[in-house]
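Below: the structure, in structure tokens.
What you see below is based on every heavy atom in this structure, not just the backbone, and it leaves out hydrogens, waters and symmetry mates. On a predicted model such as this, the values are computed, not experimentally measured, just so you know. Residue numbers begin at 1 in each chain, while the letters A, B, ... track the order of the sequences.
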Protein chains: 2
Amino acid sequence: MGKLSAASIVERAIQIGDTEGIDAVTIRRLATDLGVTPMALYWHFKNKEQLLIGMADHLVANFAPKPADDRPWRLRLRELIEGLIHVLRAHPCARTVLEQIDKEDVPSYLAVWNEALGLTRAAGFADGESCLISKYLLQSAIAIADAPVHFRSGHTDEEIAEIVRVKRLSLESLPADTYPHLVRMADSMVNLPPGLYDSFGVDLILAGIESLAARRS
Amino acid sequence: MGKLSAASIVERAIQIGDTEGIDAVTIRRLATDLGVTPMALYWHFKNKEQLLIGMADHLVANFAPKPADDRPWRLRLRELIEGLIHVLRAHPCARTVLEQIDKEDVPSYLAVWNEALGLTRAAGFADGESCLISKYLLQSAIAIADAPVHFRSGHTDEEIAEIVRVKRLSLESLPADTYPHLVRMADSMVNLPPGLYDSFGVDLILAGIESLAARRS
DNA sequence: ACCTGAACACCGTTCAAGT
DNA sequence: ACCTGAACACCGTTCAAGT
């Protein structure tokens with residue numbers, strides 16, 4: 001049973017994070033799950049921060065940028081962000097993990113960033129602009145991937161209905177004189193047109209980039 | 001010295017968070033700072049989560065939306081996001097605090113959201129679109145406010161120069177064959193054109209919204 | 001190389017009790 | 001109403017030691 005390895009630790013950590021939240025991902029909990037002493041983990045990771053980085057790297061590594069081709073940059077940028085969103089959405093803990101660390105310490109994240117940087121440069125943006133655009137793009141992907149709970153797998157229809165109901169109620173029971181729009185639109189907030197959530201965020205940021213590109217020339 | 005109150009606790013917590021990071025904000029640490037027993041804090045906040053919500057509410061409450069007027073919605077939206085960014089940027093811990101909690105539990109955040117919702121609806125977007133746009137807008141404000149360290153107050157020129165140097169070096173010393181663009185643009189990454197950072201993120205998202213508005217009609 | 005045992009310095013929180 | 005004391009069940013991490 002020499003199963004303990006950096007990879008097996010990280011996989012178990014992600015599993016715990018996905019199902020019980022990031023706070024449940026603890027050195028000691030991980031150790032007992034893996035049938036080992038807490039200190040055993042310190043052989044594979046210098047400290048907890050490195051473990052979190054390992055988790056992030058593993059998560060993002062599921063996304064492999066397509067090799068360069070000659071399609072226009074807008075298509076390739078869209079493919080990049082949609083691919084990243086798709087990969088991250090498979091793991092509920094993805095956003096929290098990525099938030100807790102410095103993303104520049106995550107090799108697979110740097111790879112995606114490098115790719116985005118190449119594409120924005122190819123789009124004709126200056127260096128400084130490319131840096132910011134690529135940064136915001138990846139940031140947005142992470143935020144968009146972290147969809148409301150009823151867009152995720154692993155819930156029955158009844159559970160989703162109940163979550164939506166509770167959430168709408170909590171919005172509707174807000175004081176209507178201080179939050180008039182929020183209260184009035186409570187229903188729209190929880191019952192978004194199907195498909196809108198997935199595409200809208202991507203459309204928004206890509207339209208922004210496109211518009212900056214047009215303004216520049 | 002009956003100085004202990006929810007407000008004084010929250011203020012001290014923000015102070016600690018700003019200077020030493022959110023992990024230093026601890027019930028016990030707070031208690032000793034305030035010259036009181038840890039359990040005293042539980043009279044004012046049910047638990048640590050409520051304390052974090054209190055911090056977030058206090059931070060965002062520094063932003064007061066301007067009363068409605070008849071200027072075009074693009075101007076008012078821009079003013080909203082720029083104002084929020086300005087207020088949040090005064091506190092280094094703002095982003096981390098807001099990340100750790102459910103923003104729908106933060107009254108002052110709901111007030112800003114309500115305002116944004118009113119403006120996007122006034123812009124002519126449908127209910128569902130308004131919900132998503134306002135959500136992304138506030139999200140972006142938080143992300144943009146969390147600027148790289150050298151855009152913040154409280155650092156000498158020497159400190160900033162050193163931080164920039166180290167960061168550039170760490171980018172430049174990445175393997176150039178796997179991250180060619182990152183390595184080549186390391187300098188641009190840390191030495192952004194002055195003023196670009198502040199405006200670019202806002203321009204990007206507002207251009208996106210504008211473009212969606214145009215497409216719709 | 002890989003893991004264990006014991007110990008240290010922390011956490012958040014409950015519950016009964018004080019004033 | 002507001003705060004304390006003692007206790008509980010956790011954390012991450014170090015360091016020396018085992019195989």
Side-chain angles (χ1 to χ4, degrees), chain A residues 1-59 93 96-103 105-106, chain B residues 1-59 93 96-103 105-106:
Chain A
M1 275 311 108
K3 275 204 54 186
L4 198 64
S5 68
S8 66
I9 295 171
V10 158
E11 276 158 26
R12 182 78 209 174
I14 291 175
Q15 194 180 330
I16 296 174
D18 279 343
T19 55
E20 304 176 43
I22 196 70
D23 288 345
V25 177
T26 212
I27 299 281
R28 296 179 115 106
R29 159 70 188 278
L30 226 27
T32 61
D33 271 30
L34 297 166
V36 94
T37 259
M39 290 61 77
L41 305 197
Y42 283 87
W43 177 259
H44 302 275
F45 297 96
K46 184 171 152 274
N47 51 35
K48 193 178 176 181
E49 196 196 343
Q50 292 303 313
L51 170 63
L52 286 167
I53 291 173
M55 290 174 72
D57 192 48
H58 191 85
L59 287 169
C93 72
T96 12
V97 171
L98 284 164
E99 270 170 358
Q100 308 235 1
I101 56 171
D102 188 348
K103 297 177 203 71
D105 294 329
V106 181
Chain B
M1 275 313 108
K3 274 203 55 185
L4 197 64
S5 67
S8 66
I9 295 171
V10 157
E11 275 158 26
R12 181 79 208 174
I14 290 175
Q15 194 178 329
I16 296 176
D18 279 343
T19 56
E20 304 175 44
I22 195 70
D23 288 346
V25 177
T26 212
I27 299 281
R28 296 178 113 105
R29 160 70 188 278
L30 226 28
T32 62
D33 271 29
L34 296 168
V36 93
T37 258
M39 289 61 75
L41 304 197
Y42 282 88
W43 177 259
H44 301 275
F45 296 95
K46 184 171 152 273
N47 52 33
K48 193 178 177 183
E49 197 196 342
Q50 292 302 312
L51 170 63
L52 286 168
I53 291 174
M55 291 175 71
D57 191 48
H58 192 85
L59 288 168
C93 72
T96 12
V97 171
L98 283 164
E99 271 171 355
Q100 307 235 3
I101 56 171
D102 187 347
K103 298 177 202 70
D105 295 330
V106 180

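- The NE2-P distance, from H44(B) to dT13(C), rounds to 16 Å in whole Å.
- In this structure, the CD1 atom of I27(A) is 11 Å from the P atom of dT14(D), given to the nearest Å.
- We find that NZ of K46(A) is positioned 19 Å from P of dC2(C), with the value rounded to whole Å.
- A heavy-atom distance below 4.5 Å is found between the side chains of L51(B) and L30(B).
- Straight-line distance from the CE atom of M39(B) to the C1' atom of dA1(D): 17 Å, rounded to whole Å.
- The two residues V25(A) and A13(A) make their nearest non-hydrogen contact at CG2-O, 3.4 Å.
- Applying the Watson-Crick and G-U wobble criteria (two distances, each under 3.5 Å), dT14(C) pairs with dA6(D).
- Taking only side-chain atoms of T26(B), from C-beta outward, the nucleotide of dT4(C), dC11(C), dG12(D) with the closest atom is dC11(C).
- Whole-Å rounding puts the L41(A) CG to dC3(C) C1' distance at 11 Å.
- Using a 4.5 Å cut-off on side-chain heavy atoms (C-beta onward), I14(A) and V97(A) make no contact.
- Between the OH atom of Y42(B) and the C1' atom of dA17(C) there is a distance of 18 Å, given to the nearest Å.
- Between F45(B) atom CZ and dG12(C) atom P the separation is 14 Å, expressed in whole Å.
- Comparing R28(A) and W43(A) by the nucleotide of DNA chain C that holds the closest heavy atom to each, the one mapping nearer the 5' end is W43(A).
- With contacts defined as side-chain heavy-atom distances shorter than 4.5 Å, the pair I27(A)/F45(A) does not qualify.
- Nearest nucleotide to the side chain of T37(A), out of dT4(C), dT4(D), dG12(C): dT4(C).
- With a cut-off of 3.5 Å on both pairing distances, the Watson-Crick or G-U wobble partner of dA1(C) is dT19(D).
- Between L30(B) atom CG and dC11(C) atom C1' there is a gap of 14 Å when expressed in whole angstrom units.
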